[in-house]
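The structure under discussion appears below in the form of structure tokens.
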Protein chains: 2
Amino acid sequence: MRHRLKDVAERAGVSVKTVSNVVNGYQHVRADTRARVEEAIAALNYRPNLSARNLRKGRTGVIALAVPELDIPYFAELARHVVTAAADQGWTVLIDQTGGGSEQERKAASGIGDHMIDGLILSPLALSADDLAALAGLPMVLLGERVDHGPADHVMIDNVAAAREVTAHLIGLGRRRIAAIGSQRTPEGASARLRLAGYTAALAEAGIAYDDRLVAPAPAWHRADGAAAVRNLVTSGVRPDAVFCFNDTLALGALRALHEMGLRVPEDVAVAGFDDIEDGRFSIPTLTTVAPDKERIARLAVELLAGRLGPDRDSPPRELVAPHHLALRESAPL
Amino acid sequence: MRHRLKDVAERAGVSVKTVSNVVNGYQHVRADTRARVEEAIAALNYRPNLSARNLRKGRTGVIALAVPELDIPYFAELARHVVTAAADQGWTVLIDQTGGGSEQERKAASGIGDHMIDGLILSPLALSADDLAALAGLPMVLLGERVDHGPADHVMIDNVAAAREVTAHLIGLGRRRIAAIGSQRTPEGASARLRLAGYTAALAEAGIAYDDRLVAPAPAWHRADGAAAVRNLVTSGVRPDAVFCFNDTLALGALRALHEMGLRVPEDVAVAGFDDIEDGRFSIPTLTTVAPDKERIARLAVELLAGRLGPDRDSPPRELVAPHHLALRESAPL
DNA sequence: ACGAGCGCTTACAACGTTGTAGAAACCAGT
DNA sequence: ACTGGTTTCTACAACGTTGTAAGCGCTCGT
């Protein structure tokens, strides 16, 4: 059923290597020989055995993408773009779910299918720069905010600026009691820290006093956490007139909780998120959010990895910043 | 930097095969030999080369999951469960995005990374049973409704029953003008056909006349399609008092469109979906839906595939039906 | 017609691993 | 010490591919 070069060679009456040459597009093969070989390949439905090829070449043509959770829309959308960008390089993407745990992430980084993958695009939550440095084995590109100036290539957006812009937009709407949802004190909370920094910067610029009762922590960034945070804020008597959620799923949860408590969005409370996931374009109301250029992020990551596997093998780590913009929708309109 | 069995063997003063035996947990290795080898493995940070192992064993420990689109929440959630279930078997999952195109699906089925994967879990949209039969090369498990009694193992839920139940629920709420959104006449529309059949069956049981103006096609099953279908229905003067959407993203789009047109859910129009995606638990209003047991579907698929790779290699194709239930929420409450 | 040169093809070895078969070492029990 | 059996270890070959280097045969210029 499954044939090898040898079978094709016998059928075409040539050597194994000649078939290999045809398969690999080697130039110096006589036209009629090539035709005969190709006929045999077609007849036997020959497919190269990649394990063998990899063993020989030391390359697999497979890269891994490791994200915390696949069913978080942001990562799913990102994954789609990475798969597409990788296809342009002729790569297949093996997707790994780390669950955000450091052990899982370490496992991913130290070589999922050891030698099965040529490189890794990792979106780390739990691992620190030091952890990662210890895992230098595999060519790696990091996504997101976790590790700045780490030991590996790195693609991110300017979180502080983005958070500042979206907060300034809420201020521009005349809101003064702006809550921030999603703060985290753990070392994992690098994104949270940056976005919080942007938030406070915008407040400072507008001369609004920082009130830490308006800053709500969220252990994870799921819808349920956003909803819980809003309920806490409102029932504890802090009356925000706007909410900046550190990602869109938090914001969708917040919308839900506000609705349940009879508060109107945006009239009573304006809401803004971060990530621009598809859901936010159809929620009720639609969601104002920071829109990172995911397609660009994915493409940059893949290109950086391609560099690492090729000419830039030993160049110093690079940090690339992808653009973002504000998507103004109903929850905090223009 | 990267070491081989041979390096470990030299350091431990044993043969290559003994190291291999230690790595593979072979029983008959003297305790002190084993200790010496393990010390050497640790010292050199040895990792087996999977390409070589695969070449030798003919197995890769990698299976592929091919779905139409990763950023459709249903598939993302399913993917998460498949990855988890596969991990229990010691497998890694390579995720492939077919985009629902027949060419892509064929490519996936005929061997993504030829010889790189041991088996395939495919959620086909475009391929027919005949197409698939031609691709018998790879052990395969199909998900969903596309191909009944096809040439491969198959996991699904009882779509007709589920659609009948949810429609009956809407009827039970006193609704009589129940729209169905998502019908498709193309061969790709197998799920659509089954769900439509359940819908009509429920109408018939309740003695409600079928009105084909209430049945709206949807080219794809995205939020935008659901929104467009509802707008069409309402502006064309058909006044439904309930809408059964053939999946949840359609339903979320429908909620949005109804909201935009000033219709209240569920008071004016009740809405039900299909899939029980996370979004539907936080939408405004929350979404009544058919909840397939995704975790079970994933586990069954992985187990079937494990069978195919093992003892049941040549047993006839099996069809397994996973359970589902109705999740009653605000959009069409009890 | 002959050798140089080139185009085309091939044999061989190697990539790192494991299955097979058998050798060597060990352990009683006589 | 010797046998028979078991445990522990090893040499060798093979998985399917491609790089190397060399071989063959053709063309062409003289």
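To find a chain, count down the sequence lines: A is the first, B the second, and so on, and within it residues start at 1. Since the model is a prediction, treat every value here as computed from it, not as a measurement.
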Shorter than 3.5 Å, N or O on both sides, protein versus nucleotides 20-23 of chain C: list them out with atom names.
none

List every contact pair, protein side and nucleotides 4-6 of chain C side both N or O, where the distance is under 3.5 Å.
none

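For Asp88(B), there are no side-chain contact (heavy atoms from CB on, under 4.5 Å) partners two or more places apart in sequence or in a different chain. Applying the salt bridge (charged side-chain N to carboxylate O under 4.0 Å, His left out) criterion to Glu10(B), with sequence neighbours excluded, gives no partner residue. By the salt bridge (charged side-chain N to carboxylate O under 4.0 Å, His left out) test, Arg4(A) pairs with Asp7(A), sequence neighbours left out. The side-chain contact (heavy atoms from CB on, under 4.5 Å) test applied to Val83(A) returns Val93(A), Ile95(A), Gln97(B), not counting sequence neighbours. The side chain to side chain donor-acceptor pair (under 3.5 Å) search around Glu295(B) returns Arg299(B), not counting sequence neighbours. The salt bridge (charged side-chain N to carboxylate O under 4.0 Å, His left out) search around Asp153(A) returns Arg308(A), not counting sequence neighbours. Lys294(B) is linked by a side-chain contact (heavy atoms from CB on, under 4.5 Å) to Tyr74(B), Glu77(B), Leu78(B), His81(B), Asp276(B), counting only residues two or more places apart in sequence or in another chain. For Arg30(A), the salt bridge (charged side-chain N to carboxylate O under 4.0 Å, His left out) criterion is met by Asp32(A), not counting sequence neighbours.
In the helix from dA1(C)-dT30(D) to dT30(C)-dA1(D), the rotation axis of the first five pairs and that of the last five pairs differ in direction by 50°, rounded to 10 degrees.
Near DNA chain C, meaning a heavy atom under 4.0 Å away, the residues from residues 19-27 of chain A are Asn21(A), Tyr26(A).
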